Every structure is written in C-alpha cells, then in structure tokens.
2 protein chains.
Amino acid sequence: MSDLRLTPTSYIVLGMLELCGEATPYELKALAAQGVGNFWSLQHAQLYTETARLAEAGYLDEEREEGGRRRKRYRMTDRGREALREWTEAPTDQFTELRDLALLKLFFGADPAGLAEVQLEIHRARLAEYEALREEAAGLPQSGPALTLEAGLGHEREWVQFWEKLSG
Amino acid sequence: MSDLRLTPTSYIVLGMLELCGEATPYELKALAAQGVGNFWSLQHAQLYTETARLAEAGYLDEEREEGGRRRKRYRMTDRGREALREWTEAPTDQFTELRDLALLKLFFGADPAGLAEVQLEIHRARLAEYEALREEAAGLPQSGPALTLEAGLGHEREWVQFWEKLSG
DNA sequence: ACCGTCATGTAATCGGTTACATGATTCT
DNA sequence: AGAATCATGTAACCGATTACATGACGGT
C-alpha cells in the first residue's frame with residue numbers, strides 16, 4: 001500500500017485492465033499489441049514489474065492461479081479505478097517532441113535521399129496498416145481508439161509527404 | 001578508452017561539438033536550446049555525464065581551464081569524428097511512435113473537447129514559433145536544421161488540425 | 001523421445017530524471 | 001552588504017531495456 005508515482009506505463013496498465021476486467025501480464029501484452037501499442041508500446045517485462053508495483057500500492061488486486069503455471073491474475077481495485085478516472089479527466093499541457101532518429105541524422109547533415117529511401121518504406125507500410133485498421137472499424141461508433149487512429153493516420157501521411165519531398 | 005554504446009544523446013553531443021569546435025557542457029546546453037532541442041531536448045545534467053562518458057571512451061578530449069571555475073572544455077578526437085560520420089551516413093529504419101500523453105488519455109476515454117482546448121493552445125504557440133524561425137532563416141541555404149524545421153512545421157500543423165476537429 | 005519454438009517470468013544493467021549543492025553576479 | 005537569481009556541477013534514484021532462464025507444446 002506504499003505510495004508511488006504513476007507513470008504513463010501505469011495508466012496503460014490500468015486502462016487496459018478496465019477494458020478487459022482482469023488479466024495476467026501475458027494477456028496484457030497481447031492486448032497492448034493490438035491496441036495502444038500502435039503509438040505507445042511497452043516491453044513485455046514492464047508489464048510484470050508494473051502490475052506488481054501497482055498491486056503493492058493498492059491499485060490492483062493480485063491473485064495466483066492454482067495448478068499449472070500458477071500465473072498471477074490482476075484486476076483493478078476501487079483505488080485503481082479512481083486513479084484512472086482522475087487521470088483521464090485532467091487535460092494535459094505536455095508537449096510531445098518529435099524525437100525521430102532519422103530527423104536527428106538529417107539535422108546533423110545526413111544525406112536526405114538516402115534516409116528518405118528507407119524511411120519512406122516503413123512509413124508507407126505503417127500508413128497502409130492504419131488504413132486497413134480504419135476499414136475494419138468503419139461504421140463502428142466513434143471511440144478513443146478510433147480517434148487516436150485518426151491522429152496516427154495524419155502523422156503518417158505527413159511523414160510520407162515529408163520524405164517524398166526529400167527523395168531523389 | 002573503454003567501450004560503450006553510443007546513444008542518440010551521444011550523437012547529439014558529438015554533433016554539436018562538430019558544429020562549434022569546442023565547448024563546456026554549459027555552452028552545449030545553450031547550443032542545444034536554440035537548435036536540436038526543438039525536437040530532441042536533453043536535461044542539462046546529461047551534458048555533464050555524457051561528455052565525461054565520451055571522453056573516457058576516447059571520443060572526446062577533455063581539458064580543464066586554469067583559474068576561475070576550472071571548467072572542463074571538450075573537443076572531438078578523430079575517433080569521435082569518425083563515429084559521428086559513420087552514424088550520419090547510415091540510414092535508419094527505426095520507426096518513431098507518437099507517444100503523446102494527450103493522445104493516450106484520448107485512447108482511454110478522455111473528453112476530446114477538454115483535451116483539445118489546452119492542446120490547441122500549446123500547439124498553436126509552437127507552430128507560431130516555428131513559423132518565426134522560418135522567417136528568420138528565409139533565404140539562407142538549405143541545411144539539416146532547416147529541413148528538420150520543415151518537418152516540425154508539418155507535424156505541428158497536423159496537430160492543430162487534429163485538435164481543431166475535436167474541439168467544441 | 002527429441003528438438004525447436006513459443007509462452008512466461010525474473011534479474012541485472014544503465015541511461016535519464018530529479019534533487020541537491022555551491023560559486024558568481026546583479027540588484028536594491 | 002545582503003538577497004535574489006543565474007551559472008555550473010554532482011549525486012541518488014528509478015523506470016525501462018536487455019539479458020537470461022525455465023516450462024509447455026507441437027511436430028517428426
């Protein structure tokens with residue numbers, strides 16, 4: 001029940017547990033991969049340490065499965081739900097830097113065309129993925145994930161345009 | 001002369017030292033603030049530890065000033081220049097995630113309009129800064145920094161559009 | 001029965017952030 | 001001269017990445 005600082009990682013875990021009710025760290029890994037991981041991914045090891053941390057601080061309940069692998073299953077406590085709600089409700093004025101490695105190389109004088117060739121490939125691929133995701137979700141009611149997908153699409157288009165201008 | 005892994009932070013230090021010849025960590029801090037810090041900022045403490053690390057591994061020369069604060073001044077060695085050149089020349093296929101805190105809140109159900117209000121403010125301000133920078137640099141020959149500024153402009157416009165759609 | 005691969009978890013390391021600390025300099 | 005602020009630097013802490021380790025399972 002100790003105090004701790006909640007990081008974005010903490011809220012990702014809390015948020016996913018709210019969506020799915022209860023899960024083992026391994027299940028959270030799968031859940032992250034198909035959702036929030038598209039724009040904020042975690043190492044799988046983080047899911048083990050973070051759930052343990054949150055449980056110790058009273059934000060999660062921990063329960064060991066009997067038999068087999070005796071895996072730990074987690075579910076939110078009221079305290080966890082409350083923390084997530086407060087966080088979600090409060091807007092943030094944090095500014096996100098680009099922090100793009102290719103851009104960093106460009107800044108320090110790298111050859112634009114060379115960078116563009118490989119960056120175009122990955123950004124076009126990602127853009128195609130996002131467009132496929134949007135197809136799938138077409139018609140579904142608007143939702144948080146759908147909105148973030150729109151943001152991702154916009155920025156990927158921007159990257160593609162940017163590197164296209166620099167290629168060749 | 002030990003071995004170490006060079007991180008983006010390392011290359012920022014090396015890159016800045018190539019630009020300015022030699023500097024103390026404190027001077028690097030100022031240099032970073034007006035340039036690369038716009039899209040990849042560092043804590044000032046990093047500049048002390050990173051220069052020391054690079055010097056120990058032979059990428060930088062370290063020299064103490066006599067008298068006064070006896071500050072340490074750093075300059076690149078041939079090894080440092082070589083490392084920077086190799087890094088700059090090699091394209092990267094690293095994909096950069098958005099990792100935006102406001103987007104994360106949106107994903108987990110935050111109220112779009114509330115977020116948009118404060119996000120619009122900061123992104124509009126940043127966009128204005130970038131436009132001013134471009135004014136200043138108008139006419140100057142194309143350069144790495146100028147290209148990254150274009151990228152920044154594009155993404156800031158994208159953010160502004162995105163949050164505008166969600167506001168009100 | 002064996003081998004390779006996926007599932008699942010823990011431990012060690014390390015960069016980065018935060019906090020702290022002291023020497024200059026300016027202002028009143 | 002004293003207070004406040006800026007310049008400059010070091011130390012401690014902690015989250016995140018990396019490396020390691022073992023158990024289950026499918027195929028041959």
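Below, chain A is the first sequence line, B the second, and so on; all start at residue 1. Predicted, not measured: the structure shown is a model, and the values here were computed from it. Side-chain atoms are counted along with the backbone in the values below, which use heavy atoms only and exclude waters and symmetry mates.
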Measure from [atom1] on [X] to [atom2] on [N] and round the result to the nearest Å.
| X | N | atom1 | atom2 | value |
| --- | --- | --- | --- | --- |
| Q94(A) | dT17(C) | CD | C1' | 13 Å |
| K29(A) | dA7(C) | NZ | P | 6 Å |
| L47(B) | dG9(D) | CG | P | 11 Å |
| E27(A) | dG9(C) | CD | C1' | 14 Å |
| L6(B) | dG15(C) | CG | P | 10 Å |
| Y26(A) | dG23(D) | OH | C1' | 13 Å |
| R71(B) | dT10(D) | CZ | C1' | 17 Å |
| E62(B) | dG9(D) | CD | P | 11 Å |

E97(A) backbone acceptor or donor facing R99(B) side chain under 3.5 Å: no
Presence of salt bridge, E56(A) and R53(A), under 4.0 angstrom: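 Result for this pair is no, no salt bridge flagged.
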Electrostatic pair R124(A):E164(A) at N-O distance under 4.0 angstrom: yes
Parallel, tilted or perpendicular: rings of H123(B) and F95(A) (30°, 60°): tilted
Mutual orientation of the aromatic rings belonging to W159(B) and W163(B) [parallel < 30°, tilted 30-60°, perpendicular > 60°]: parallel
Contact letters for nucleotides 12-20 of chain D, in which S counts primed atoms plus P, OP1 and OP2 and B counts the base, heavy atoms under 4.0 Å: --SSBBB--
Phosphate OP1/OP2 of dT10(C) contacted by Y48(A) side-chain N/O (<4.0 Å):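 No, Y48(A) has no side-chain N/O under 4.0 Å of OP1/OP2 on dT10(C).
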L140(B): hydrophobic cluster co-members (side-chain, 4.5 Å): none
